[in-house]
Amino acid sequence: MKLLKSSILLISVILLTHAVGKANAFSNFSLQQVIQQDTTKKDTTKKVTPNNSSLDQKVEYKADDSIKMNKAKNIIYLYGNARVIYGDFELDAAYIKYDQKNNTIFASGVKDPKSGKYTGRPIFKSGAEGTAIADSIFYNSTTTRAKVYGVFSEQEGGFFSGGQSKKQIDDELHVKNVMYSTCNLPHPHFGLMISKGVVTEKQIITGPVYLIFEDVPTFFGLPFAFFPKPNKRTSGFILPTPGEDATRGFFLQQGGYYLGLNDYWDAKLLGSIYTNGSYETSILSNYTKRYKYSGNINLAYASFKDGLEGTEAFANPTKNFSINWSHNQNANANPGTTFSASVRLVSTGRNSYYKNTAAGTTYDQAAIATATTSSSINYAKSYANGMNYSVGASTDQTISTGAISVRLPEVTFNVPTFNPFDSKKRVGEQKWYQKITVGYSLQGTNKIDTYDSLLFSNDGLKRLRSGVSHSIPVNMSFTALKYLNFSLGGTYNEVWNFQHIERKYTSFADGTYTYRQDTLSGFRRAGSYNLSTSLSTKIYGRRDFNPAAKIQAMRHVMTPSVSLSYSPDFTQPGTGPYLSAIDQTGNQIRTNGLPLTYSIFEGMAQAGSFGSKNASIGFSLDNTVELKVRSKNDTTGTGSKKIPIIQGLSFSGSYNFLATSYKLSNIGFSGRSQFTDKLGINYSGTLDPYALGPDTLGTGLLIRRDRYFFQAGKFLPRLANFGFSFDYSLNPEALKRKNEANDKLGDAANKKGLNDIQSEQLAAISRDPNAFVDFNIPWNFSFSYSFQYSNDGNTTTLSNTLNFNGDLNLTPKWKVTFNSGYDFKQSALTPMNLAIYRDLHCWDMSVNWVPYGAYKSYSVTIKVKASILQDLKLSKRQGFYSTLQ
């Protein structure tokens, strides 16, 4: 009850603050401004400077019906759509009376004799202030007193109506029976009634304040209040959500206090308590500086007791934490320089934050199933000549195991490709050697791979690995025989490591061996290079059909590509980072008749790319097929449109001439087919060109043989894996509206330059079918399907994933939404979410229900639509989360 009363106090402050603005807006219309038009009373002995006096502003007035002047009483009457304009003040009413003798102005509406309705109410506006409507207005310019009856005004999502507002000589404002509501109806469904109040420049004193619902006064109120009016961002309580959890008992969730620190920084302190002794706390702070940067920090900690009292789980509660920080710099703040942060660190293992807190009490299934988290902080600078560098830090966490990889710092430096042999004063086309381009890139890394429980242990720094890699690409491209795109080049790579490994081997009489590995400090380097050339072109095919037919033409575009690459053998001792495996007697250890070697850079910061000898030819073929069809929307009958039937169907593979076996690689393919404007299928797979044969060990299993499929009498290569996916909406209008909403969010994200965490939050909204509740769409049903197939010759694995969601308007104000899926392997539905929405005009009611699963729960919320009163709500939640499921 105390929290609700505090919220009412804050709402009262907002109401009375806006009421002051309205009264002061009207006081700009003064007697002096009207007297200026009477030149007989103007004192010509005094000089008035136009820049220092408002008396030079002109008073304009008009009326559609008539204008009457009573010279004896010095009164002007305006009838029918009367209007008075003075400076930035505007007043419109059905009737306006200006009494120069008594220095008063009166404006009101008129009663229609036929309908009996009161029409033509006064509408007044001053400068940047919002427009206000009243039943009548009375103002005395001599005493500066003003009375406004039955005001109706909108301010920042709120509406003020009814009652009286009276401005006194000392600028005090007295209000009586004024209703504040976020309902925009002339007769609102609910409101906050202030029976009487006095507002000064620095403080507010009110009489009884209470809530009214459907004209019925409630007991939610205060007899009186006295508090300062700081005219700035204010702080206040946040009401918690009550509920029940099957494991942790009754709870109050997400209650706390909001701190409006200043215009650039705020903070929200939240907490949740459970009757079994569990609790959660969090601090969320947002900061921004216009045109410079923005960001937020979220720190959360929770202690949960699960199970029954007396059990191990109850006696040793899980300690869960989450640290989130996002920072984004405005692109125009410092051109050429950027700083961004996307930090997310959470507790792992048994103390998994997402699992134990149900993703921070959001019950987001995608967040609960999160397996890994990533963080990054990066500073980058680019120069006008294209060179750029960046310095950053990053982490990767595996939530289930607690494994963590920390890279601090990471440094990159890039020099864009340039033509070293070209001349800035060159005239004419480039010669062949002037087309040679050279580039350079550097990457430095310091990393630690360990577990989060060991990261800050005494020997944590002993796991540090440091290294630098360099890459210099050289290339030359030109067009051969007019239609062939030809390129020739190579890349030199070199790695530096400040740690390396050393292995001591021990061999045994049965031919087996073991080794002991030590990590040593010291600088080591190694280099490698490769040469390559490529050739590509485009081939166009077209088939025309009957111009009067629905399908008028078909076009096929093929893009074949062939490449040759060569690299020497860097696995031999003395040619790279590899050393021979020597046992305790000094003999070379051999496996399968070949000498055994190992890389001293294995597991280091820069392992490099040091492979065996390779001379291979690569090939690929990309296909695009389009249909030209007659357009239904063209009334002339001659219009047409293009439909892409196959988009990017590509095949690729390679053949290594120097390989001792399995020279031909697997053939990969992927593509997309667009059957209609609304239905498209993505597909990919791998073809294995080698035949299968029985295992020589007699296990009965089939293994790959170094024989091609046609040598084994097969007509086609074996399909090793294949997958496809698609999504479809039965109501195209619903899909269109949802895509438009997603596009708007995406445009906002691009303008603001969201970081990884904010982008993921945006993606969570986009994939939530209940995120956009549109009562204008009577129904919708959409689904997505994914199929995966793999076969190694012995075992076939199939994976099917079906997700579906939809909504239905039971009435124009009632909507039901659902979201679920089907697990074909378990032959059961995946966790389902049902929601019911009721549009109560200025209020919303929502019921969310997860009927089964580990996170089954329900919640009921009734709240005001307007954001200014988001804490004016009634919530009930019951969670059935149990660690025993």
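Index from 1, following the sequence.
A salt bridge is absent between Glu626 and Arg542; no separation between the charged side-chain nitrogens and carboxylate oxygens falls under 4.0 Å. Ion pairing of Arg704 with Asp688 is present here, as a side-chain N (NZ or NE/NH1/NH2) and a carboxylate O approach within less than 4.0 Å. Ion pairing between a basic and an acidic side chain is recognised when a charged N comes within 4.0 Å of a carboxylate O; Lys504 and Glu502 show such pairing.
The two residues Ile667 and Gly653 come nearest to each other via the heavy atoms CD1-CA, 4.3 Å. Across every non-hydrogen atom of Ala341 and Ile377, the tightest pair is CB-CG1, 4.1 Å. Taking both residues in full, the closest heavy atoms of Tyr505 and Ile582 are given as CB-O, 3.5 Å, listed atom of the first, atom of the second, then distance.
For the residue pair His470/Tyr440, the side-chain donor-acceptor check at 3.5 Å is satisfied. Side-chain atoms of Gln430 and Asp422 form a donor-acceptor pair, as typed in the model, at a separation below 3.5 Å. If you check the side chains of Ser469 and Glu494, you find no donor sitting under 3.5 Å from an acceptor. Side-chain contact annotation: Gln499 with Arg465, donor-acceptor N/O pair under 3.5 Å absent. With hydrogens and angles left out, the side-chain atoms of Asn328 and Ser326 include no donor and acceptor closer than 3.5 Å. If you check the side chains of Asn493 and Ser471, you find a donor sitting under 3.5 Å from an acceptor. Using a 3.5 Å distance cut-off with no hydrogens or angles, the side chains of Thr571 and Asp569 do pair a donor with an acceptor.
The ring of Tyr708 has its center closer than 6.0 angstrom to the ring center of Tyr690. A ring-centre distance under 6.0 Å is not found for Phe601 and His500. For Phe523 and Trp496, the gap between ring centers is short of 6.0 Å.
Asp396 pairs by the salt bridge (Lys or Arg N to Asp or Glu O under 4.0 Å) definition with Arg407, not counting sequence neighbours. Every residue two or more places apart in sequence or in another chain that forms a side-chain hydrogen bond (donor to acceptor under 3.5 Å, both in side chains) with Thr373 is listed here: Gln397. Legend: residues meeting side chain to side chain contact (heavy atoms under 4.5 Å, CB included) with Ile681, ordered by chain and number and at least two apart, are Phe675, Tyr683, Phe724, Phe726. In this view, Ala393 and Leu408 satisfy the side chain to side chain contact (heavy atoms under 4.5 Å, CB included) rule, not counting sequence neighbours. With sequence neighbours excluded, no residue forms a side-chain hydrogen bond (donor to acceptor under 3.5 Å, both in side chains) with Gln434.
Sorted by first and then second residue, the ring-ring contact (aromatic ring centres under 6.0 Å, His included) pairs involving residues 546-572 (not counting sequence neighbours) are Tyr529-Phe570.
Panel note: side chain Asn614, backbone Ser612; no donor-acceptor pair is recorded below 3.5 Å. Counting only distance, with no hydrogens or angles, the side chain of Asp792 and the backbone of Asn794 share a donor-acceptor pair below 3.5 Å. Under a 3.5 Å cut-off, the side chain of Thr533 and the backbone N or O of Leu564 do not form any donor-acceptor pair. Here the side chain of Asp544 pairs no donor or acceptor atom with the backbone of Ala553 at under 3.5 angstrom. Side-chain atoms of Arg344 never come within 3.5 Å of backbone atoms of Trp325 as a donor-acceptor pair (strictly under, hydrogens ignored). Between the side chain of Asn419 and the backbone N or O of Phe421, no donor-acceptor pair lies under 3.5 Å. Looking at Thr370, its side chain never comes within 3.5 Å of a backbone N or O of Thr372 through a donor-acceptor pair. A donor-acceptor pair is defined here as one N or O able to donate and one able to accept, closer than 3.5 Å; no such pair exists between the side chain of Ser799 and the backbone of Gln788. Here the side chain of Asn623 pairs a donor or acceptor atom with the backbone of Leu649 at under 3.5 angstrom.
The number of heavy-atom neighbours closer than 6.0 Å to CG of Leu716, taken from other residues, nucleotides and ligands shown, is above 12. More than 12 heavy atoms of other residues, nucleotides or ligands shown are found within 6.0 angstrom of NZ on Lys663.
Asn485 places a side-chain heavy atom less than 4.5 Å from the side chain of Thr479. Between Asn721 and Asn791 there is no side-chain heavy-atom pair separated by less than 4.5 Å. You'll find the side chain of Leu719 reaches within 4.5 Å of the side chain of Tyr789, heavy atoms only. Annotation: side chain of Glu429 is not in contact with side chain of Lys435 (no heavy-atom distance under 4.5 Å). Counting heavy atoms from C-beta on, the side chains of Lys641 and Val629 come closer than 4.5 Å. Side-chain contact between Ser528 and Ser609 is present, with at least one heavy-atom pair separated by less than 4.5 Å. Taking the side chain as every heavy atom from C-beta outward, Ser650 and Leu621 never approach each other to under 4.5 Å.
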Exercise. Would Ser616 and Tyr655 count as a side chain to side chain contact (heavy atoms under 4.5 Å, CB included) if you check the C-alpha gap in whole Å, the side-chain angles of each, and the deciding distance to 0.1 Å?
Worked result: CA-CA 5 Å; Ser616 62; Tyr655 185 89; 5.9 Å; no
Exercise. Could you walk me through whether Gln647 and Thr624 pass the side chain to side chain contact (heavy atoms under 4.5 Å, CB included) check?
Worked result: CA-CA 5 Å; Gln647 296 173 300; Thr624 300; 5.5 Å; no
For this session: Take Tyr513 and Tyr515, measure what ring pair (Phe, Tyr, Trp, His ring centres under 6.0 Å) needs, and give me the verdict at the end.
Result: CA-CA 7 Å; Tyr513 64 89; Tyr515 65 85; 7.2 Å; no
For this session: Determine, step by step, whether Thr801 and Phe787 satisfy the side chain to side chain contact (heavy atoms under 4.5 Å, CB included) criterion, reporting the C-alpha distance in whole Å, the side-chain angles of both residues, the deciding distance to 0.1 Å, and the verdict.
Result: CA-CA 7 Å; Thr801 302; Phe787 172 82; over 6 Å; no
